[in-house]
Student: 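Please find one structure pasted underneath; my questions will follow.
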There are 2 protein chains.
Amino acid sequence: MNDSPRRKELTRQAAQLFVQEGFDRTTVRMLAQEMGIKSGSLFHHFRDKQEILAAVIEEGTENALSIARAALEECDSDPEARLHAMARAHLATLLTDRNAHVVALYEWRRLDGQARAHLSHLRDAYEALWETVIDEALAAGVIQGDRFLVSRFVMGALNWTVRWYDPEGERSPEDLARELIAMLMSPRA
Amino acid sequence: MNDSPRRKELTRQAAQLFVQEGFDRTTVRMLAQEMGIKSGSLFHHFRDKQEILAAVIEEGTENALSIARAALEECDSDPEARLHAMARAHLATLLTDRNAHVVALYEWRRLDGQARAHLSHLRDAYEALWETVIDEALAAGVIQGDRFLVSRFVMGALNWTVRWYDPEGERSPEDLARELIAMLMSPRA
DNA sequence: GTCTATAAAGAGATAGAC
DNA sequence: GTCTATCTCTTTATAGAC
């Protein structure tokens, strides 16, 4: 529809509700209330509920991608440091930011075919970034295994943290990232 | 309500739909059609839709628990073999059986408070089994790290396979289990 | 145990005034 | 850009006949 700051803000608020309640259980009336408007007004900003979901997922994936890229640029080329940076960036968008990226991962199936086609290149770009960093680590021998499987196992371990991580607990997202990478590392040759 | 074979069969069919569509998007009419009855008749077997979900999740967790226990009994006490057995059992119930256990993991949040209270001991028992096996592996030094984090990372990597595993592809669930455990193993001292 | 019929509530979305 | 009002459809669940 457009890209106004207003729409961005509404998208951000929608993301919060989608995480809390799930997309299916979030009604347009709940969304409107969160945004401080009436439900009828919502459709001035978005064509339908699907479009809100697509906006949230686009925002969440773009954000994750740009944060990951920025984190990699601050690294030198040490494969372990780059793995670590990716894991920290991923957990930051999932557990600290705690919104749009979670929706992108957990509500992807609720996108209709058209939105999915439009957004899959973004998701693919993010996953490709992970695979690149994992390839570097495999090539350097700091981890071992199959590139495809390792990347999916690592992303799975990270994505599932959403289900059990307690922000009030003692461990920080950074602790989690460090422990996960440590768990994967092969011994120094 | 009861434990008839009929109810078990209906529960099995409900599980399939819940995996395909998600709990929220599965209507009682879809459930009834899958079961070959009319929607009104459904409420003779289950008090409400919530009770169907609770039945599916109970069935899925009990099944996962008994399969994991059986797999462990076939092992000797080698910690690596036991880890491997747990991973294989877990993936078998998720990817081969492909039903109730998936619902238990992915629709837990949709349970109401009462059902959650009633079923959490089952889920805890299953997670405790995992933690025991991981403890043994930590004690033997075949893996390293924090017991709590390792078990959650491993379960996360396994649970997320549901999202990307292709049953028509070249890799079997057994392949996945083997690769995951290999990825975790520390070098022999 | 299953059916038909329907009640009651809630959903997404639209129209037109302001 | 937001409001009120409302349409239309779908949802879960119930009642009572068979």
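Side chains included, hydrogens not; waters and symmetry mates left out as well; all remaining heavy atoms used. Within every chain, numbering begins at 1; the chains are lettered A, B, ... in the order of the sequence lines, protein sequences first and strands thereafter.
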Student: Roughly, in whole Å, what's the span from CZ in A:R6 to P in D:dG1?
Tutor: 8 Å

Student: Do the ring centers of A:W160 and A:F153 come within less than 6.0 Å of each other?
Tutor: no

Student: Answer whether the closest heavy-atom distance between the side chains of B:L119 and B:W108 falls below 4.5 Å.
Tutor: yes

Student: Quick one: NE2 on B:H118 to CD on B:E58, what's the gap to the nearest 0.5 Å?
Tutor: 5.5 Å

Student: Separation of B:F43 atom CZ from C:dA8 atom C1', in whole Å?
Tutor: 13 Å

Student: To the nearest Å, how far apart are B:L10 CG and C:dT2 P?
Tutor: 8 Å

Student: Can you list, in residue-number order, the parts of residues 28-39 of chain B that come under 4.0 Å of DNA chain D, counting heavy atoms only?
Tutor: B:V28, B:R29

Student: What is the nucleic acid contact for A:T26, judged by heavy atoms within less than 4.0 Å: base, sugar-phosphate only, or nothing?
Tutor: sugar-phosphate

Student: Write down the distance between CG (B:L42) and C1' (C:dA5), rounded to a whole number of angstrom.
Tutor: 17 Å

Student: In whole Å, what is the span from the CZ atom of A:F46 to the C1' atom of D:dG1?
Tutor: 14 Å

Student: To the nearest 0.5 Å, tell me how far A:I37 CD1 sits from A:H44 NE2.
Tutor: 9.5 Å

Student: Axis-to-axis angle across the helix from C:dG1-D:dC18 to C:dC18-D:dG1, five pairs an end, to 10 degrees?
Tutor: 0°

Student: Mind calculating the distance between CZ (B:R25) and P (D:dT12) to the nearest angstrom?
Tutor: 13 Å

